[in-house]
Each structure stands twice: as structure tokens, then as C-alpha cells.
There are 2 protein chains.
Amino acid sequence: MRDPVRAALAVCPVEVSIAVLGGAWKLSAVRYLLVRTHRFGELQRAVGDVTPRTLTRALRELETDGIVRRTVYAEVPPRVEYSLTELGESLRPIVDWLEKWGHDYVNAT
Amino acid sequence: MRDPVRAALAVCPVEVSIAVLGGAWKLSAVRYLLVRTHRFGELQRAVGDVTPRTLTRALRELETDGIVRRTVYAEVPPRVEYSLTELGESLRPIVDWLEKWGHDYVNAT
DNA sequence: CCGCATCCAAGCCGATACTG
DNA sequence: CAGTATCGGCTTGGATGCGG
């Protein structure tokens with residue numbers, strides 16, 4: 001378990017959720033993975049203007065936290081696919097609410 | 001509007017939500033304010049081991065983002081009460097989901 | 001009682017160049 | 001194609017002490 005998550009444990013369940021999901025690009029990536037499995041490059045183009053390094057870090061943390069599954073195919077050229085674990089799939093209602101709330105927030109301000 | 005929120009606008013509504021709610025202690029504070037209005041000291045004791053400075057900053061950002069209302073009473077000793085705006089109240093289902101998910105996450109790992 | 005000022009440490013995130 | 005290496009700025013959160 002990553003340190004931020006462990007620290008949040010001592011506070012409150014909502015802080016645990018924020019510790020897992022709170023990073024930049026993380027929920028954007030999850031949002032696309034809720035639709036279907038993506039290759040790395042696909043995901044990068046989908047989420048927008050993110051550098052490979054930054055997206056890699058976000059995905060690695062989500063993998064450590066048990067949200068994302070990473071599958072490497074021993075091919076040339078290399079292929080790596082990202083998909084959601086069962087735990088990741090369980091985020092669907094949260095992502096839907098956050099998307100709706102963010103949309104309404106923008107319209108309200 | 002704060003810079004992180006503006007930057008998230010260009011990406012996706014979920015990133016907007018994370019930009020507003022993603023800071024440490026923020027949703028813990030909102031969680032207690034969903035129950036009732038709190039004075040500053042009450043809130044500090046409720047959320048746990050947070051320094052006044054850190055909690056103040058979190059609340060100020062939530063105020064800037066339109067989530068929290070701050071009411072100062074011209075008394076001695078001073079009294080400051082925090083409550084939720086209508087926008088803040090609209091977070092209730094999200095906070096409930098995040099709390100449930102965080103709880104399940106801890107049990108699953 | 002509330003919270004600001006100052007200073008500080010850590011970590012996040014980005015740009016660029018390079019590799020199996 | 002899917003990353004890693006390296007460097008660096010900037011934001012975030014914390015400790016401590018003072019002020020209205």
C-alpha cells in the first residue's frame with residue numbers, strides 16, 4: 001500500500017478514496033478504461049495533453065492501488081494494454097457522479 | 001476561480017471535481033459540515049490531527065470554490081462559523097459514495 | 001478564539017532526450 | 001510502441017511563533 005493511502009487510513013474513509021483517486025489524470029484515465037481496454041498510446045491521445053512520463057506514473061500508482069491491470073504482450077512492436085480490475089469497475093458510479101457534478105459546477109460558475 | 005480548477009476545465013469534468021475536492025482534509029471537513037454548521041475549533045477537533053493553518057487553507061479554498069460559507073461574528077472572544085452553500089450541499093451523494101467506496105477498499109485490501 | 005507570517009520539506013508534475 | 005533517465009519548478013502540507 002502506498003504511503004498517502006496508509007496515512008489516509010488513520011483519518012477517514014473519504015480521505016482514503018481521495019488518496020487513491022486524487023492525482024491528476026487518474027480519473028480521466030479510469031473514465032476511458034470504464035469504456036474499454038486501451039493501449040498506452042490510445043490512452044495518452046484520449047486523455048489529452050499529458051506527457052508519457054506523467055501518464056505512466058499515474059497508471060503505475062493505480063496499478064499499485066489495485067484499480068488498473070497492466071498486460072504486456074511479447075510482440076514486435078511492443079503492445080501494452082490497460083484494463084480495470086473488479087475494484088476499478090466498482091468506481092463507475094463515483095466517476096459518473098463526479099463527472100455530472102463537475103459539469104454542473106462549470107455551468108453554475 | 002483558482003488556477004488548478006481552470007486548468008482542469010480544459011481536460012474533463014471529472015478533473016474539475018478532483019481539482020475542487022482533491023486536497024487533503026477537504027472532504028473530511030465537508031463531511032462534518034454536511035451534518036451541521038461548525039465553529040472552527042469544533043471542526044478542527046472533529047477532523048483529527050490537522051494544524052490550524054492547514055485546515056484554514058483548505059477551508060479558504062473551499063470558500064473560494066463556492067462550497068463553504070464563512071460567517072464571522074464580531075464578538076469577544078471571536079467566533080467563526082462554517083457552513084455549506086447550496087453547491088456544497090449538492091456534494092452529499094458524492095461524499096456518501098466516496099465514504100462507502102473507501103470503506104470497502106480498506107476491507108478488500 | 002481564530003488564523004496569519006514565516007520558513008521549510010516533500011512530492012507532484014512537466015520538458016526533453018534517449019532506449020529495448 | 002511504450003516507456004525510462006535526468007533535471008527542475010512549483011505546489012502542497014507542516015512546524016512554530018505572533019497578533020487582533
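So that the names make sense, note that chain A is the first sequence line, chain B the second, and so on, each numbered from 1.
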Expressed in angstrom and rounded to an integer, what is the separation of B:Glu81 atom CD from C:dC2 atom C1'?
13 Å
Most 5' of A:Thr51 and B:Gly41 on DNA chain C, judged by nearest nucleotide:
B:Gly41
Walking along DNA chain D from 5' to 3', note the first and the last nucleotide with an atom under 4.0 Å from a heavy atom of chain A, and give both.
D:dC1 to D:dC7
Could you say whether A:Gly23 or A:Pro78 is positioned toward the 5' end of DNA chain C, judged by the nucleotide with the nearest heavy atom to each?
A:Gly23
Counting any heavy atom closer than 4.0 Å, what does A:Tyr82 reach on the DNA or RNA strands: base, sugar-phosphate only, or nothing?
sugar-phosphate
On DNA chain D, more 5' by nearest nucleotide between B:Glu61 and A:Val72 is A:Val72
Flag, side chain of B:Arg2 to backbone of B:Asp65, donor-acceptor distance under 3.5 Å:
no
Gap between atoms NZ and C1', on A:Lys26 and C:dC12 respectively (whole Å)
10 Å
Tell me if a side-chain donor or acceptor on B:Ser17 pairs with a main-chain N or O of A:Gly102 at a distance below 3.5 Å.
yes
So, A:Thr37 and A:Glu81: side-chain donor and acceptor under 3.5 Å apart, yes or no?
no
With no hydrogens and no angle check, is any side-chain donor or acceptor of A:Tyr32 less than 3.5 Å from a backbone partner on A:Ala46?
yes
Kindly compute the distance separating CG (B:Leu33) from CG (B:Leu59), expressed to the nearest 0.5 Å.
7.0 Å
What string of B, S and - do you get for nucleotides 4-11 of chain C, 5' to 3', when a contact is any protein heavy atom under 4.0 Å?
SBBB----
Under 3.5 Å, side chain of A:Glu42 to main-chain N/O of A:Arg39, donor-acceptor pair present?
yes
Atom CG of B:Leu43 to atom P of C:dC1: distance rounded to whole Å?
15 Å
Without decimals, in angstroms, what is the distance between A:Leu55 CG and C:dC13 P?
12 Å
Is a donor on one side and an acceptor on the other found under 3.5 Å between the side chain of B:Gln44 and the backbone of B:Val50?
yes
With a sphere of 6.0 Å drawn around CD of A:Glu75, does it hold more than 12 non-hydrogen atoms of other residues, nucleotides or ligands?
yes
Are B:Lys100 and B:Asp96 within salt-bridge range, i.e. N to O under 4.0 Å?
no
